[in-house]
Amino acid sequence: MSRICLVIPSNRFDQYFIQLPLDAVTAAGQLRAQGHTVAVWDQRLQEAPDGGDFDLLVVFSAIADRAQCYPLELGPVRAAVERAAARYPAARTVAVGPHGTHLPDATRAELGVDHIACGETDSATVGAVHSLLAGADAPVLPAATTPHNLLDSPEPRPRPFPNIPLEEFAFPAYDLVPVEDYTAEVISGGLPLPGPCGMVLAARGCTYGCTFCHLPFGTRMRNQPLDRVEREIDAQQSAGLDFVFFLDYVFGINRAFYGDLCTRLEGRGLGWVGQTRAEVVLKNDVTAWARAGCQGMWLGAESPAIAQTGVHKRVTEAQIAEAVHKLKDAGITPFAFVLLGLPQDEACVSGRLVDWAAGLPAWFGINQLYLRPGTTLYDRLAPQYNGGTRPATWREVQEVTRRYRASYPTDLDHQQRQLEQLPNYLGNAIAPVAG
């Protein structure tokens with residue numbers, strides 16, 4: 001058996017929240033159940049583990065809460081690799097996460113690791129350990145024959161490790177991290193504030209397939225056993241967390257599954273925030289969510305004109321407004337994701353998006369569009385912003401987004417600054433207090 005350390009890098013989002021690395025503690029629990037000695041070094045909160053050297057360092061380039069909107073800049077991950085390798089020089093190094101899954105050779109070169117393992121990070125971590133113990137030594141570790149449920153692409157992708165069935169994962173090793181120190185947006189008096197918060201992933205996947213969205217869990221829905229979900233919540237509450245974030249990308253999409261979940265959550269003193277789509281809100285009894293402890297819900301609103309942008313998201317402005325009001329009427333604080341720079345977005349080009357966001361009776365967060373490997377929008381647009389060829393390095397990937405934004409028919413930075421001045425911009429509520 002091996003001694004394994006799972007490494008979580010620091011990043012620029014730490015100033016707002018430091019969320020539980022759920023995929024790392026899940027992988028740690030599985031490896032420990034198989035007889036390995038496992039530690040987690042969350043460099044955002046922990047010092048290097050004591051107790052001698054490790055055989056293997058597994059570095060997560062983007063943990064679960066960042067994997068859908070993973071950053072294109074790998075500098076912080078490279079710094080984590082260097083710090084860990086300096087502390088444990090005898091260990092081999094492996095990187096897992098979306099970066100290596102989509103550009104394995106470029107990621108290995110950028111990070112200076114020995115190996116890349118592709119696929120969902122918890123399954124890829126376990127698969128990498130098995131491959132290395134079996135004698136594998138390839139830069140991109142070989143996977144078994146079962147393919148990962150990645151988005152279809154006109155270009156071949158590396159074969160990731162097969163997903164471990166959710167019912168076969170050992171219980172997460174929460175004891176390896178300071179559970180009580182993790183944070184996210186919590187609701188106090190109807191207002192969002194940074195506070196102690198855990199994380200739960202009851203179901204993986206998203207069936208909608210918006211072309212701008214990276215789906216690290218694929219397009220097929222996979223539900224965890226509800227008994228397991230309850231046990232995870234119990235463990236986090238026992239560690240002192242009475243608020244959690246449901247990372248599920250479309251909370252409520254399976255009304256029977258989520259209805260049963262909400263019934264189990266009633267009366268246990270748990271507050272929670274989730275994320276979903278406007279049309280899913282409109283199909284659900286959200287008062288049941290509120291009775292189960294839901295205090296806030298994120299909507300993928302993006303833009304009032306998103307249905308006309310050709311990114312396969314046919315949600316209307318009226319549906320977004322109706323969903324916001326339905327949540328508010330149930331006593332749930334609504335949040336909206338706003339996305340600047342969608343292709344042919346007349347609301348963004350005209351500036352109407354700013355007035356729309358100002359009029360939303362909801363808190364909103366802002367992102368400018370990134371063209372990310374692993375999305376069909378990237379597959380379609382990247383070559384035309386890279387001299388007709390697909391990018392081969394992360395620097396070229398970053399340049400694709402920079403050129404796309406520079407060619408956009410309005411100043412996206414100016415529009416973002418306008419949005420950031422609005423009183424319902426979430427950053428104005430959760431920004432760190434100076435001093």
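None of these values were measured; they are calculated from a predicted model.
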Treating [X] as the side-chain partner and [Y] as the backbone partner, does any N or O pair qualify as donor plus acceptor under 3.5 Å?
X: Asn428; Y: Glu420; answer: yes
X: Thr401; Y: Gln398; answer: no
X: Glu302; Y: Val338; answer: no
X: Asn163; Y: Ser123; answer: no
X: Gln416; Y: Leu412; answer: no

Pairs where residues 347-358 contributes a residue and the test side chain to side chain donor-acceptor pair (under 3.5 Å) is met, not counting sequence neighbours
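Sorted pair list: Glu317-Arg352, Glu346-Arg352.
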What residue pairs, at least two apart or across chains, pass side chain to side chain donor-acceptor pair (under 3.5 Å) with a residue in residues 327-336?
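Sorted result for residues 327-336: empty, none.
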Gap between atom CG of Leu299 and atom CD of Glu279 - 0.5 Å precision
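Separation between the atoms: 9.5 Å.
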Interatomic spacing from CG in Leu340 to NE2 in His414 - rounded to 0.5 Å:
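Rounded to the nearest 0.5 Å, the CG-NE2 separation comes to 11.5 Å.
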Ionic contact status for Asp114 with Arg108, cut-off 4.0 Å
no
Ring of Phe54, cation from Arg3 - is the NZ or CZ under 6.0 Å from the centre and inside 45° of the axis?
yes
Lys/Arg cation over aromatic Phe217: Arg222, 6.0 Å, 45° cone:
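Arg222 over Phe217 ring: no.
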Would you say [X] has more than 12 foreign heavy atoms packed within less than 6.0 Å of its [atom1]?
X: Arg255; atom1: CZ; value: no
X: Phe169; atom1: CZ; value: yes
X: Gln384; atom1: CD; value: yes

Hey, are the side chains of Val200 and Leu247 touching, using non-hydrogen atoms and a 4.5 Å cut-off?
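Side-chain contact under 4.5 Å: no.
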Please report whether the ring centroid of Phe364 lies less than 6.0 Å from that of Phe337.
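Not under 6.0 Å, so no.
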Taking the six-membered ring for Trp, are the ring centroids of Phe251 and Trp272 within less than 6.0 Å of each other?
yes
Considering all heavy atoms, the nearest Cys118-Val140 contact
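Cys118 and Val140 have their closest heavy atoms at SG-CG1, 4.1 Å.
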Nearest heavy-atom neighbours spanning Phe60 and Pro9:
O-CD, 3.1 Å
State which residue, out of Asn284, Asp248, Asn223, fulfils the side chain to side chain donor-acceptor pair (under 3.5 Å) condition with Tyr258.
Asp248
Going by atom types only, do [X] and [Y] share a side-chain donor-acceptor pair under 3.5 Å?
X: Thr121; Y: Asp23; answer: yes
X: Tyr174; Y: Gln236; answer: yes
X: Gln308; Y: Gln344; answer: no

Could you work out, with salt bridge (charged side-chain N to carboxylate O under 4.0 Å, His left out) as the rule, every residue matching Arg314, not counting sequence neighbours?
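Applying salt bridge (charged side-chain N to carboxylate O under 4.0 Å, His left out) to Arg314 gives none.
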Can you list the residues that meet the salt bridge (charged side-chain N to carboxylate O under 4.0 Å, His left out) rule with Arg78, with sequence neighbours excluded?
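Arg78 satisfies salt bridge (charged side-chain N to carboxylate O under 4.0 Å, His left out) with Glu110 once adjacent residues are dropped.
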Counting only pairs under 3.5 Å, give me each side-chain donor-acceptor contact of residues 179-189, with atom names and distances, residues two or more places apart or in other chains.
{"residue": "Tyr182", "atom": "OH", "partner": "Asp42", "partner atom": "OD2", "Å": "2.7"}
{"residue": "Thr183", "atom": "OG1", "partner": "Ile18", "partner atom": "N", "Å": "2.9"}
{"residue": "Glu185", "atom": "OE2", "partner": "Trp298", "partner atom": "NE1", "Å": "2.5"}

In residues 61-72, what donor-acceptor pairs under 3.5 Å come from side-chain atoms, sequence neighbours left out?
{"residue": "Ser61", "atom": "OG", "partner": "Val96", "partner atom": "O", "Å": "3.4"}
{"residue": "Ser61", "atom": "OG", "partner": "His99", "partner atom": "ND1", "Å": "2.7"}
{"residue": "Arg66", "atom": "NH2", "partner": "Cys69", "partner atom": "O", "Å": "3.3"}
{"residue": "Tyr70", "atom": "OH", "partner": "Pro373", "partner atom": "O", "Å": "2.5"}

